[in-house]
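For reference, the structure discussed in these notes is given below.
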Amino acid sequence: MYLRCPGSRVRDSSLPAACTKEGRHKTSLLLFESIREELLMLDFVAKRLLQVILVVILALTVVFFLIRLSGDPTTLFLPPDAPREQIEEYRELLGFNRPLVVQYGEFMFNAVQGDFGKSLRSGEDALGLVLQRMPATFQLAFAALFLSILIAIPLGVLSAYKRNTLFDKASVALTVIGQAIPNFWFGLILIFIFAAQLKILPSSGGGSFAHMVLPVITLALYSISRFVRFTRSAMLDVLNKDYIRTSKAAGAPTMSLIMKYALKNSLIPIITLVALDLGVLLGGAVITEAVFSWPGVGRLLHQSLMNRDFPIVLAGVFIIAIIYSVINFIADVLYAYVNPQIRVK
């Protein structure tokens with residue numbers, strides 16, 4: 001026989017546990033805790049989303065005022081001997097004769113609608129020009145990320161396994177040097193060796209695998225060094241756990257111990273770092289593309305800065321800031337989903 005009690009259908013034998021005040025109280029607490037967890041997650045997502053918006057606005061604001069320090073762009077588009085009247089007329093046409101605060105307000109109003117204006121040099125839509133170059137930048141960034149993972153994680157694991165050996169010390173020293181070397185300097189060294197001296201790789205341009213080799217290695221240098229150190233640190237932390245020591249003492253195969261247990265439990269922080277590093281690679285591509293004349297957003301931004309083409313610079317900063325912030329947002333949300341303590345913090 002079944003009897004009904006609030007929120008459940010139970011047998012007579014389970015009636016005292018499910019239908020008593022204590023049982024209903026426990027059920028209510030579980031329901032309340034479930035709702036509380038969902039609300040905390042929604043609150044966390046809302047706060048992170050607000051941070052994304054604030055970061056993008058702040059990036060645009062800072063760059064808007066900084067690029068104005070480079071000078072008046074009208075002087076680059078008119079002859080050196082142009083009369084003052086013609087310069088003022090051209091400044092009025094471009095809107096540069098108005099107060100800077102007014103220009104900023106109009107820019108932000110249009111930017112919210114996705115309108116960054118026209119290129120001062122070509123007259124084309126600034127945002128459209130940036131988006132046209134994004135595939136080449138993504139190609140370079142993803143290739144550098146793949147190379148970094150391919151090299152760094154095995155090196156980090158091996159360095160942790162051979163802790164305090166000559167290999168480990170050499171690996172740590174090289175990663176410190178790799179993080180200290182400026183990208184543009186390393187890129188110039190690679191050009192000098194492989195393009196100018198050995199003549200086996202092109203020094204600039206794009207369109208083939210050979211053109212990708214030097215810029216990808218240059219861009220990946222910092223990430224490789226960073227991943228090796230982080231992987232080594234994460235692996236050492238796991239290898240010092242009691243269950244690893246116990247398994248090792250019990251005679252578990254070393255390779256199985258490292259790959260099946262140690263590396264697997266180290267992957268969560270490593271994956272988080274890899275996801276965040278994609279944004280760093282996109283930002284670092286600006287200098288690398290300028291060095292190797294890679295036809296991506298970085299080279300476009302470099303040329304636009306030299307030409308004081310403000311709309312393209314701001315559109316490029318907007319796209320990079322959006323991508324970087326969204327990647328961070330997704331990583332934070334996934335991490336909070338896996339680790340509920342993050343939501344409370």
Side-chain angles (χ1 to χ4, degrees), residues 56 59-111 114-141 182-184 187-188 191 203-207 211 215 218-219 282-324:
V56 174
L60 287 175
T61 301
V62 171
V63 174
F64 178 88
F65 287 103
L66 281 180
I67 58 176
R68 292 305 196 274
L69 299 177
S70 62
D72 191 344
T74 56
T75 58
L76 297 178
F77 301 104
L78 293 174
D81 57 346
R84 185 67 183 174
E85 293 78 12
Q86 185 179 1
I87 294 176
E88 290 299 327
E89 183 180 346
Y90 193 63
R91 291 185 76 245
E92 183 178 357
L93 178 65
L94 296 177
F96 292 124
N97 63 327
R98 291 171 296 173
L100 196 57
V101 176
V102 176
Q103 294 181 45
Y104 171 73
E106 183 179 354
F107 161 73
M108 290 302 295
F109 178 78
N110 292 330
D115 180 13
F116 287 84
K118 306 290 184 182
S119 167
L120 301 181
R121 182 164 290 274
S122 66
E124 298 180 64
D125 180 63
L127 186 59
L129 285 173
V130 171
L131 292 176
Q132 287 175 14
R133 299 289 191 99
M134 280 307 300
T137 298
F138 275 129
Q139 184 182 17
L140 194 64
N183 268 12
F184 72 90
L188 293 174
I191 290 174
S203 62
S204 61
H211 287 94
T218 301
L219 187 58
L282 289 171
V286 174
I287 298 175
T288 303
E289 288 180 8
V291 172
F292 292 96
S293 298
W294 182 262
V297 174
R299 186 185 178 200
L300 177 66
L301 290 180
H302 179 262
Q303 292 173 336
S304 300
L305 279 170
M306 296 298 101
N307 296 328
R308 299 177 194 168
D309 199 339
F310 297 162
I312 291 183
V313 174
L314 290 165
V317 169
F318 170 76
I319 292 296
I320 292 175
I322 281 286
I323 293 172
Y324 186 80

(request) Could I get the full list of side-chain contact (heavy atoms from CB on, under 4.5 Å) partners for A136, not counting sequence neighbours? (result)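 By the side-chain contact (heavy atoms from CB on, under 4.5 Å) rule, A136 matches W294.
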(message) Checking L69 now: which residues fulfil side-chain contact (heavy atoms from CB on, under 4.5 Å) with it, not counting sequence neighbours?
(response)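 Partners of L69 by the side-chain contact (heavy atoms from CB on, under 4.5 Å) criterion, ordered by chain and then number, come out as L66.
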Between [X] and [Y], is any pair of side-chain heavy atoms under 4.5 Å apart?
{"X": "Y104", "Y": "L100", "value": "no"}
{"X": "V56", "Y": "F318", "value": "yes"}
{"X": "L129", "Y": "R133", "value": "no"}
{"X": "S293", "Y": "R299", "value": "yes"}
{"X": "T137", "Y": "I320", "value": "no"}
{"X": "L219", "Y": "L140", "value": "yes"}

(request) Could you tell me whether L188 atom CG has more than 12 heavy atoms of other residues or ligands within 6.0 Å of it? (result)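 Counting neighbours around CG of L188, more than 12 heavy atoms of other residues, nucleotides or ligands fall under 6.0 Å, so yes.
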(message) Within the supplied structure, the quantity of interest is the number of heavy atoms (other residues, nucleotides, ligands) at a distance under 6.0 Å from E88 CD; does it exceed 12?
(response)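 Atom CD in E88 is packed in, count exceeds 12.
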(request) Could you pull out all residues at least two apart from E124 that satisfy salt bridge (Lys or Arg N to Asp or Glu O under 4.0 Å)? (result)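 Checked E124 against salt bridge (Lys or Arg N to Asp or Glu O under 4.0 Å); zero matches.
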(request) Just jot down the salt bridge (Lys or Arg N to Asp or Glu O under 4.0 Å) partners of R121, sequence neighbours excluded, or say none. (result) none
(message) Has R91 got a side-chain atom pairing as donor or acceptor with F96's backbone, closer than 3.5 angstrom?
(response) yes
Under 3.5 Å, which donor-acceptor pairs link side chains of residues 303-317 to any protein atom two or more places apart or in another chain?
residue: S304; atom: OG; partner: L300; partner atom: O; Å: 2.8
residue: N307; atom: ND2; partner: Q303; partner atom: O; Å: 3.1
residue: R308; atom: NE; partner: S70; partner atom: O; Å: 3.3
residue: R308; atom: NH1; partner: D72; partner atom: O; Å: 2.9
residue: R308; atom: NH1; partner: T75; partner atom: OG1; Å: 3.4
residue: R308; atom: NH2; partner: S70; partner atom: O; Å: 3.3
residue: D309; atom: OD1; partner: L120; partner atom: N; Å: 2.9
residue: D309; atom: OD2; partner: S119; partner atom: OG; Å: 2.6

(message) The criterion is side chain to side chain donor-acceptor pair (under 3.5 Å); which residues satisfy it with Q86, sequence neighbours excluded?
(response) none
